[in-house]
*Asks:* 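My questions all concern the structure below.
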Amino acid sequence: MDTIAILDFGSQTTQLIARRIRELGVYSEIYPGTVRAAELLSEDLRGVILSGSPWSVHDEDAGAPDPAVYELELPILGICYGLQRMTHDLGGEVARTAGREYGRARLQYNHDHPLFDHIPEGAIAWMSHGDSVQAPADGWEVVARSEYGTPACIADSKRRRVGIQFHPEVSHCEYGIRVLENFVFGICGASRTWTVEEYLEQGVREIRSTVGSEPVVLLISGGVDSSVVAALLLKALPAEQVYLIYVDTGLMRRDETAEVEHALRAFGARHLSMVDASQQFLDALAGVEDPEQKRSIIGDLFMTVQQREVESRVPGAYFLAQGTLYTDMIESGKGVGGHAKVIKSHHNVRSPLVERKRSEGRIVEPLAHLYKDEVRKLGTALGLPASTIGRHPFPGPGLAVRILGAVSAEKCEILRAADAIYLEELRARGLYDKIWQAFAVLLPIRAVGVAGDAREYGYVVALRAVHSIDGMTADVYPFASHDILEISARITNEVPAVGRVVYDVSSKPPATIEWE
Ligand code: XMP
């Protein structure tokens with residue numbers, strides 16, 4: 001499959017470059033900027049991109065590509081630092097620009113170049129740089145300048161090398177996608193082979209060749225990733241070989257366990273264990289108020305229960321399947337050189353079971369090349385219902401981090417009831433899919449209210465709804481006032497223990513999405 005390799009020097013937008021190229025239908029993979037050229041080479045490789053970077057080429061510790069990368073008989077596109085790096089490494093001159101160039105700048109061409117096919121003079125490019133090219137290396141010429149005179153594109157057309165001082169991957173860059181298209185198709189000659197059908201086939205092939213006839217175990221949470229892995233396993237292997245284990249912690253949302261079971265049975269799951277460990281979790285959590293202590297109790301118990309279930313249900317040697325995504329691989333250091341701001345997710349807990357299976361080489365991770373949106377497409381292609389694919393994220397510790405303070409069975413029931421009404425209303429109003437994550441939180445206080453003629457103390461429920469891309473930052477969803485008022489009224493009318501509903505209007509930062 002035609003591939004574009006992206007050498008990462010720590011730019012915040014490296015991931016974006018990779019995604020944009022995949023959206024064009026061409027497989028792209030991110031490598032540490034210093035990867036050896038020999039590791040990149042494959043018969044599928046069609047071109048190389050050198051990313052931007054917080055470094056200057058003059059910094060002592062600035063990362064540089066293996067010199068052999070420049071010897072490859074392949075097109076190379078340098079973006080920002082990538083351009084400066086090539087210039088510096090190949091004998092040109094890069095220096096600090098007088099004044100930095102940030103934001104919009106119009107492009108003015110000196111020459112025709114295939115990178116700018118179908119891009120009009122004066123198109124707005126997005127610049128962000130402190131250094132710029134003073135003198136291109138031998139054999140290179142300036143193809144375009146910014147309206148302020150900075151070289152915006154230089155090229156060595158004979159060797160199919162090109163560098164740009166702007167960022168085509170960001171959405172403000174006019175014709176940015178066209179620039180990438182021109183590079184990937186026009187200059188590299190790649191073809192559109194990265195399709196949902198292709199990665200479905202690739203996933204099936206990979207699973208079959210990895211596991212052979214051994215059993216495969218998958219621990220499912222009901223979220224999108226593990227559901228897609230389950231569906232893939234069931235497509236790739238005889239159902240007899242696939243063991244699915246779901247642990248009900250008692251901290252799930254209303255009807256969640258039943259829905260997961262129903263969906264997996266509909267997919268032909270044969271060995272499906274729905275383990276009810278709710279009492280064990282509630283007992284372990286009794287009286288515990290500290291959120292981090294709750295998280296660690298749940299995490300530890302989860303591992304103990306999983307291990308016990310796997311050992312008691314699966315005979316002999318087996319593989320463990322995991323829903324690890326491409327972003328998780330990169331965050332764990334398999335991709336980039338670690339200079340980009342590394343974002344840790346809460347749920348990549350390394351359990352002893354996973355560690356052991358990894359050291360035995362008995363792990364299958366069929367989503368490891370995919371971004372989340374690609375996982376959703378794959379799930380759709382596999383026939384998973386839209387309700388599974390479009391599910392809002394749900395934290396591993398479940399309702400325990402949405403019941404502030406000590407958790408009890410009674411509080412779980414109250415929160416489940418309020419949360420179910422909230423989500424049901426969002427769906428009925430066509431809002432669920434417009435919101436990234438929405439949920440109810442049970443506060444550890446009671447407030448006075450009136451019911452009929454009597455004063456009553458009821459629980460306070462907070463509603464949360466946010467927009468986000470990746471959960472790292474979030475904006476509050478701006479409900480129309482009638483929606484939030486009607487939803488609140490339904491909750492207080494139908495859940496007698498709740499006397500008051502409030503809406504959380506805090507963004508992240510400074511707040512977090514969850515309350516604990
Ligand atoms: P915060 O509250 O940190 O949440 O802004 C960001 C995203 O992460 C989810 N989250 C968790 N997921 N285990 C998880 O698996 C956890 O302990 C946990 N805490 C938060 C949260 O739901 C949101 O999507």
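Order of appearance sets the numbers: ligands from 1, and atoms from 1 within every ligand.
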*Asks:* Pick, from M472, R464, E514, E516, the option with the minimum heavy-atom distance to atom 2 (O) of ligand 1.
*Replies:* E514
*Asks:* Test your reading of the structure: does G396 have an N or O sitting under 3.5 Å from an N or O of ligand 1?
*Replies:* yes
*Asks:* Below the 3.5 angstrom mark, is there an N/O of Q437, backbone or side chain, next to an N/O of ligand 1?
*Replies:* yes
*Asks:* Purely on distance, is any nitrogen or oxygen of W436 under 3.5 Å from one on ligand 1?
*Replies:* no
*Asks:* Which of the numbered atoms in ligand 1 are below 4.0 angstrom from a heavy atom of G471?
*Replies:* 6 (C)
*Asks:* For atom 16 (C) of ligand 1, state which one of P393, G223, P397 supplies the nearest heavy atom.
*Replies:* P397
*Asks:* Atom 19 (N) of ligand 1: which of H392, R295, R402, K508 has the nearest heavy atom?
*Replies:* R295
*Asks:* For the pair R358 (side chain) and I363 (backbone), establish whether a donor and an acceptor sit closer than 3.5 Å, ignoring hydrogens and angles.
*Replies:* no
*Asks:* Donor-acceptor pair, H271 side chain versus Q241 backbone, under 3.5 Å?
*Replies:* no
*Asks:* Are side-chain N/O atoms of T257 and Y246 paired as donor and acceptor at under 3.5 Å?
*Replies:* yes
*Asks:* Decide, yes or no, whether a salt bridge links E360 with K357 under the criterion of side-chain N to carboxylate O below 4.0 Å.
*Replies:* yes
*Asks:* Under 3.5 Å, is there a donor-acceptor pair between the Q15 and Y371 side chains?
*Replies:* yes
*Asks:* Which residue pairs pass the salt bridge (charged side-chain N to carboxylate O under 4.0 Å, His left out) test when at least one of the two sits in residues 297-310, sequence neighbours left out?
*Replies:* E309-R313
*Asks:* Between ligand 1 and F394, is the shortest N or O to N or O distance under 3.5 Å?
*Replies:* no
